[in-house]
Protein chains: 2
Amino acid sequence: MAASSKMIILSILSIEDNYGYQILESLKTFTEGFWEWKEGMLYPMLHKMEKDQLLKSYWTETLSGKKRKYYHITNIGTKALETEKTEWEFVNQTLSKLWRIHHASQQ
Amino acid sequence: MAASSKMIILSILSIEDNYGYQILESLKTFTEGFWEWKEGMLYPMLHKMEKDQLLKSYWTETLSGKKRKYYHITNIGTKALETEKTEWEFVNQTLSKLWRIHHASQQ
DNA sequence: TTATCTTACCTAGTTTACCTATGTATGTCA
DNA sequence: TGACATACATAGGTAAACTAGGTAAGATAA
């Protein structure tokens with residue numbers, strides 16, 4: 001399940017900049033509650049992805065004074081997403097083919 | 001890429017019983033050489049999956065005297081495959097939706 | 001006004017997964 | 001008889017995934 005987390009993060013950030021806590025909320029809402037990450041899972045990933053230069057972060061402050069760390073996808077990140085997308089689709093096709101064979105053999 | 005390996009193994013074995021070395025060959029042929037696992041990757045996985053009762057193994061001998069360890073998917077394994085399949089499709093749909101949003105926002 | 005909830009971040013450390021490297025043994029073919 | 005293919009295996013390092021816990025400030029309700 002979490003194997004795809006990097007791709008999910010990149011995909012979300014390719015739509016618009018976002019911050020950790022909101023990413024968690026977005027994903028929960030977006031999947032109608034089916035998918036929920038823990039904070040301790042997400043933050044280390046974001047840090048790693050920034051270290052790998054897939055993301056860049058910047059701090060902002062809301063009117064009420066809350067600090068948020070926004071993440072922005074870099075060019076490297078965009079390319080990485082494209083690569084992962086291609087791989088995902090390849091695996092997906094391989095699985096689909098296998099399932100079709102299985103299904104056919106059960107007839 | 002390897003995150004889906006458990007599902008691939010279960011999918012292959014749900015078609016018919018197979019042994020380690022042949023699974024490697026099948027996958028290579030099936031993906032036209034794009035996907036190649038090392039033996040050191042596969043065997044420990046098979047052992048783990050047998051320990052988890054997803055698979056059961058039995059030894060056979062070819063006419064020429066070569067010993068092969070065949071794996072058979074158990075009922076637990078079949079159920080696990082169904083579960084993973086559902087999850088995979090869920091993640092796949094989530095990703096597709098995200099990609100559609102991204103694509104739309106780039107217009 | 002103080003307790004609780006929500007928002008928002010973080011790290012330490014364990015467990016598990018992944019993968020490389022390496023080893024053994026037998027059969028096949030040039 | 002040396003090289004290649006078949007067929008299994010494990011040890012051990014690295015990286016990923018996840019749990020558990022911590023801080024702090026704003027919002028809300030008693």
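Residue numbers start from 1 in every chain, and the chains themselves are labelled A, B, ... in the order their sequence lines are given, proteins ahead of strands.
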J.: Quiz question: going by heavy-atom distance under 3.5 Å, is there a donor-acceptor pair between the base of C:dC10 and the side chain of A:Glu39?
T.: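 Absent.
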J.: Between atom OG of A:Ser11 and atom CG of B:Leu95, what is the distance when rounded to the nearest 0.5 Å?
T.: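 Those atoms lie 5.5 Å apart.
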J.: Does the pair A:Lys6/A:Glu84 count as a salt bridge with the N-to-O cut at 4.0 Å?
T.: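 Salt bridge flag = yes for A:Glu84 with A:Lys6.
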J.: Nearest whole angstrom, please: distance from the C1' of D:dA16 to the CD of A:Glu84.
T.: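 One finds 13 Å between C1' of D:dA16 and CD of A:Glu84, rounded.
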J.: Could you tell me whether B:Gln22 contacts a base, only the sugar-phosphate backbone, or nothing, with contacts defined as non-hydrogen atoms closer than 4.0 Å?
T.: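 Contact class for B:Gln22: none.
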J.: Could you give the CE-to-P distance, from B:Met49 to C:dT16, as a whole number of Å?
T.: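 Taking CE of B:Met49 and P of C:dT16, I get 17 Å after rounding.
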J.: Looking only at heavy atoms, which two atoms of A:Tyr71 and A:Leu13 are closest? And how far apart?
T.: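 Closest pair (atom of A:Tyr71, atom of A:Leu13, distance): O-CD2, 3.6 Å.
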J.: Which part of the nucleic acid, if any, lies within contact of A:Gly20, taking any heavy atom under 4.0 Å across all strands shown: a base, the sugar-phosphate backbone alone, or nothing?
T.: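 Since only primed, P, OP1 and OP2 atoms lie under 4.0 Å of A:Gly20, the category is sugar-phosphate.
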J.: Indicate whether OP1 or OP2 belonging to D:dA16 is found under 4.0 Å from a side-chain N or O atom of A:Lys48.
T.: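 So the side-chain polar atoms of A:Lys48 do come within 4.0 Å of the phosphate oxygens OP1 or OP2 of D:dA16, strictly under.
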J.: To the nearest Å, how far apart are A:His47 NE2 and D:dA16 P?
T.: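 Interatomic distance, NE2 of A:His47 to P of D:dA16: 16 Å.
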J.: For B:Phe90 together with A:Phe34, are the ring centres under 6.0 Å from each other?
T.: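 A:Phe34 vs B:Phe90: aromatic centres under 6.0 Å.
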J.: Is the phosphate of D:dC8, meaning OP1 or OP2, less than 4.0 Å from a side-chain N or O of B:Tyr19?
T.: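 Indeed not, no polar side-chain atom of B:Tyr19 lies that close.
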J.: Round to the nearest Å and state the distance from A:Glu61 atom CD to D:dG26 atom C1'.
T.: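 Roughly 12 Å, once rounded to whole Å.
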J.: Select from B:Trp59 and A:Gly40 the residue whose nearest nucleotide in DNA chain D is closer to the 5' end of that strand.
T.: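 This one resolves to B:Trp59.
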J.: Taking OH from B:Tyr71 and P from D:dC8, how many angstroms apart are they, rounded to a whole number?
T.: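 To the nearest whole Å, that distance equals 8 Å.
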J.: Just to be sure I understand the rule, does A:Lys66 reach a base, reach only the sugar-phosphate, or reach nothing, if contact means heavy atoms closer than 4.0 Å?
T.: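 Counting heavy atoms under 4.0 Å across all strands, the contact made by A:Lys66 includes a base.
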J.: What is the distance, rounded to the nearest whole Å, between atom CG of A:Leu46 and atom C1' of C:dT11?
T.: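 These atoms are roughly 14 Å apart.
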J.: Mind calculating the distance between OH (B:Tyr43) and P (D:dT6) to the nearest angstrom?
T.: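 Atom OH in B:Tyr43 sits about 11 Å away from atom P in D:dT6.
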J.: D:dT19, D:dG26, C:dT20: which one has an atom nearest the side-chain heavy atoms of A:Met41?
T.: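 Closest nucleotide to the A:Met41 side chain: D:dT19.
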J.: For D:dA7, take OP1 and OP2 only and decide whether either is under 4.0 Å from a side-chain N or O of B:Lys69.
T.: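 So the side-chain polar atoms of B:Lys69 never come under 4.0 Å of the phosphate oxygens OP1 or OP2 of D:dA7.
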J.: For the residue pair A:Ile76 and A:Gln53, what are the closest heavy atoms and their distance?
T.: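 Where A:Ile76 meets A:Gln53 most closely, the heavy atoms are CB-O, 3.6 Å.
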J.: Taking 4.0 Å as the cut-off, does a side-chain nitrogen or oxygen of A:Tyr21 come that near to OP1 or OP2 on C:dT7?
T.: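 For A:Tyr21, the contact criterion (side-chain N or O under 4.0 Å from OP1 or OP2 of C:dT7) is met.
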J.: In whole Å, I'd like the distance from the CD1 atom of B:Ile23 to the P atom of D:dC8.
T.: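 Rounded to the whole Å, the gap is 9 Å.
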